[in-house]
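Step one of this worksheet: look at the structure below.
Since the structure is predicted, the reported quantities are computational estimates derived from the model, not experimental observations. Chain letters run A, B, ... following the sequence lines, proteins first and then strands; every chain starts at 1.
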Amino acid sequence: MHHLSEQELIRRQTLEEMRASGLNPFPAEAFKVNTNSKLIKEGFEQNPEAFQDLSLAGRVMMKRIMGKASFAELQDGHGKIQIYINRDLICPDEDKELYNTVFKKWIDLGDFVGVKGYAFKTQTGETSIHVSELKFLSKSLHPLPVVKTDADGKVHDAFSDPELRYRRKHVDLLVNAQVKEIFIKRTNIIHTMRTYFNSNGWMEVETPVLQSIHGGAAARPFKTHHNALDIPLFLRIANELYLKRLIIGGFDGVYEFGKMFRNEGMDRTHNPEFTSMEIYIAFKDYLWMMEMVEDLLEHVSKTVSGSSIVKIGNNEINFTKPYKRLSMYEAIELYSGIQVDGKTESELRELCKQHHVKQDESYGFGKLVDALFGHFVESHLIQPTYITDYPIEMTPLAKKHRSKEGLVERFELFVNGKEIANAYSELNDPIDQRSRFEEQLKLAERGDDEAMALDEEFLEALEYGMPPTSGLGIGIDRLTMLLTGQEAIQEVLFFPQMKPQAKDHHSA
RNA sequence: GAUUCCGUAGCUCAGCUGGUAGAGCAAUACACUUUUAAUGUAUGGGCCUUGGGUUCGAAUCCCAACGGGAUCACCA
């Protein structure tokens, strides 16, 4: 138990006084509501008669007491509304305790109350509730930050410390209205995507989070242990191989929204667990997938933002299809003048050294190309742009390009300088897949710690035959950041991972 | 991981070149029957992140730890 502040002590004392007087600070019975703050504010003007018999409930966020009449602000799930409380109206008899003691003294900011009454306009024109009944619903023992907005819309005493905001998201959500909007949008994004997929007949599925081989991506995993089997298990870094096994099993289209776990660095764009959406469609290729993705994103943007143009920082991103397409080699040449095609690994390494591009001896041809791309191109790709046709070495799960030697049928979608989607024509030749895994093992021996592991079960599944398939992965957190104009992943996660808090030295 | 800045009341912040703390809001008390960052008067509230050091004296200077922000590198 931490040391109680003066204000916390006072609230606990108030709690005792309430109990002593017979007023339950945490009553069990439901309080029936028939409206909410938003409905009243949006509807009262046009149809005042419909707002004469109201019952609503929420937190008291502000009290303005003026003797025998007071104003307060009530916040419910839809916003805030002002309530007007007149002593002689809520206490028509001699007993004025409800007003003088319960309302004025015992109700603290953050407490829940239920009110009944009718809507009206105050002298200054604000739609408010004229309260005839007041019921105490729940006590708040921990004071909330009091954030005020003045007539010019300027926010005073904002609850703005990022660490506190992230650690106490419940407080952030309560006092910073725009935070809630981000999460409503996030849910809408996911809902819209799901509806789009379902309407095409693709099926939502679930695949294992605990995996004995962490395949499907290049990343360091979290390791755990299963006691009964006495085997190590890993939290998934990807679900790709399982979803392909479902395509092998005969589904035409499967998708999964799910958490992935990567045991790597944390910063404003990386959380150890993050949400990805992966979808696999049989009898399609990556060219088809590009058309699907641009159609999907335009649709999602319009549905959740009302526009296909989204502002982020100083940039205006236009999600209207179609998107620009550039092969990886074209992109590198365009932004650096370097021609990659036909170069050898050692020639590329020399070029990297010349341009101070980070690389080391473990890098194969593919990673050197990727290093050049990251150095010269990525930050320029502000408007949605498909980068296509990647070197075979860096993409062991994609099908060889139908016409270009040494490349695979892959694209990544870049928006605002960051990758938000990755897709292939999936490799379905089990012989080729085995040799690609073996190439990965060689890279691992050279010291590439991101090289992929060989998965015998997956290879066996492939041998049964997989139809030509296109697969896509979209980072949902990143997409949400884009569509809500946020620059930190912590802003789009309810509970971002935080370092453990320092111990309280004052506690016994 | 590297660089850099920061850590003062419940919240947002002042505290200059070292002399053991201030404001607004919140809280407490009183006044006030249409206010809205309500107002007026009064009051209480701080191991100044932690641990060392320099000094007669440290919130202030130095070192370290812990926590955080920003930028860069890697990953989605």
Given that A:Glu487 and A:Ile420 both sit by RNA chain B, which one's nearest nucleotide is further toward the 5' end?
-> A:Glu487
Distance in angstrom units between A:Ile107 CD1 and B:A27 C1', rounded = 17 Å
Go through B:G67, B:U35, B:A76 for me and flag the one nearest to the A:Glu419 side chain.
-> B:A76
Determine the contact category for A:Asn271: base if any of its heavy atoms lies under 4.0 Å from a base atom, sugar-phosphate if only primed atoms, P, OP1 or OP2 are that close, otherwise nothing.
-> base
Would you say B:G24 has OP1 or OP2 under 4.0 Å from some side-chain N or O of A:Lys148?
-> no
Round to the nearest Å and state the distance from A:Ile10 atom CD1 to B:A27 atom P.
-> 9 Å
Do A:Arg186 and A:Gln486 have a side chain donor and acceptor closer than 3.5 Å?
-> no
Report the distance from atom CE of A:Met61 to atom P of B:A37, rounded to the nearest whole Å.
-> 16 Å
Under 3.5 Å, is there a donor-acceptor pair between the A:Glu426 and A:Tyr286 side chains?
-> no
Is A:Glu206 atom CD crowded by more than 12 heavy atoms from other residues, nucleotides or ligands, each under 6.0 Å away?
-> no
Hey, is the main chain of A:Glu273 close enough, under 3.5 Å, to the side chain of A:Asn271 for a donor-acceptor pair?
-> yes
Determine the interatomic distance between C1' on B:C63 and the same-named atom on B:G69; round to the nearest Å.
-> 23 Å
Taking atom P in both B:A23 and B:G40, what distance in whole Å separates the two?
-> 15 Å
Side chain A:Gln82 and base B:U35 donor-acceptor under 3.5 Å = yes
Can you tell me, in whole Å, how much space there is between the C1' of B:C30 and that of B:A21?
-> 29 Å
Look only at the side chain of A:Thr388 and the backbone of A:Phe411, and say whether a donor-acceptor pair between them is shorter than 3.5 Å.
-> no
So which of A:Met62, A:Arg64, A:Lys41 actually passes side-chain contact (heavy atoms from CB on, under 4.5 Å) with A:Gln82?
-> A:Arg64
Rounded to whole angstroms, how far apart are OH on A:Tyr166 and C1' on B:G67?
-> 15 Å
Respond yes when some side-chain nitrogen or oxygen of A:Arg268 is under 4.0 Å from OP1 or OP2 of B:C72, and no when none is.
-> yes
If the C1' atom of B:G22 is compared with that of B:C16, how far apart are they to the nearest Å?
-> 15 Å
Atom pair distance, as rounded to whole Å: CZ in A:Arg12 and P in B:A27 = 17 Å
Nearest whole angstrom, please: distance from the P of B:A76 to the CE of A:Met394.
-> 9 Å
Can you check whether A:Lys418's main-chain N or O pairs, donor with acceptor, with A:Asn416's side chain at less than 3.5 Å?
-> no
Can any side-chain N or O of A:Asp477 pair as donor or acceptor with the backbone N or O of A:Thr480 at less than 3.5 Å?
-> no
Could you check which of B:U35, B:A37, B:G69 has an atom nearest any side-chain atom of A:Arg64?
-> B:U35
Provide the distance between the two P atoms, one in B:A27 and one in B:G68, to the nearest whole Å.
-> 31 Å
Sticking with atom C1', work out how far B:C11 lies from B:C5, rounded to a whole angstrom.
-> 22 Å
Side chains of A:Tyr280 and A:Glu278: donor-acceptor distance under 3.5 Å anywhere?
-> yes
Starting at the 5' end of RNA chain B, which residue's closest nucleotide do you reach first, A:Ala217 or A:Asp267?
-> A:Asp267
Answer with base, sugar-phosphate or nothing: what part of the nucleic acid does A:Thr149 contact at a heavy-atom distance below 4.0 Å?
-> sugar-phosphate
Quick one: A:Lys63 NZ to B:U28 C1', roughly how many Å, whole number?
-> 12 Å
Can you name the nearest heavy-atom pair linking A:Ala398 to A:Glu409, along with the distance?
-> CB-O, 4.2 Å
Pick the P atom in B:A29 and in B:G44, then give their distance to the nearest Å.
-> 15 Å
Base, sugar-phosphate, or nothing for A:Met260, non-hydrogen atoms under 4.0 angstrom?
-> nothing
Interatomic distance at C1', B:G24 relative to B:U33, whole Å | 28 Å
Mark up nucleotides 29-34 of chain B, 5' to 3', with B wherever a protein heavy atom is under 4.0 angstrom from a base atom, S wherever such an atom reaches only the sugar-phosphate, and - elsewhere.
-> ---BBB
Send over the distance from A:Met62 CE to B:A37 C1', rounded to a whole Å.
-> 7 Å
With distance as the sole test, does A:Asp150 use its side chain to make a donor-acceptor pair with the main-chain N or O of A:Gly153 at under 3.5 Å?
-> yes
Any Lys/Arg nitrogen of A:Lys244 or A:Glu240 sitting under 4.0 Å from an Asp/Glu carboxylate oxygen of the other?
-> yes
Among A:Phe261, A:Phe222, A:Phe234, A:Tyr242, which residue meets the ring-ring contact (aromatic ring centres under 6.0 Å, His included) test with A:His214?
-> A:Phe234
Stem list, RNA chain B (Watson-Crick or G-U pairing under 3.5 Å, at least 3 consecutive pairs) | B:1-7 with B:66-72, B:10-13 with B:22-25, B:27-31 with B:39-43, B:49-53 with B:61-65
Side chains of A:Asn239 and A:Glu256: is there a donor and an acceptor less than 3.5 Å apart?
-> yes
When every nucleotide of nucleotides 8-15 of chain B is labelled 5' to 3' by its protein contacts under 4.0 Å (heavy atoms), B for base, S for sugar-phosphate only, - for none, what sequence of letters results?
-> --BSS---
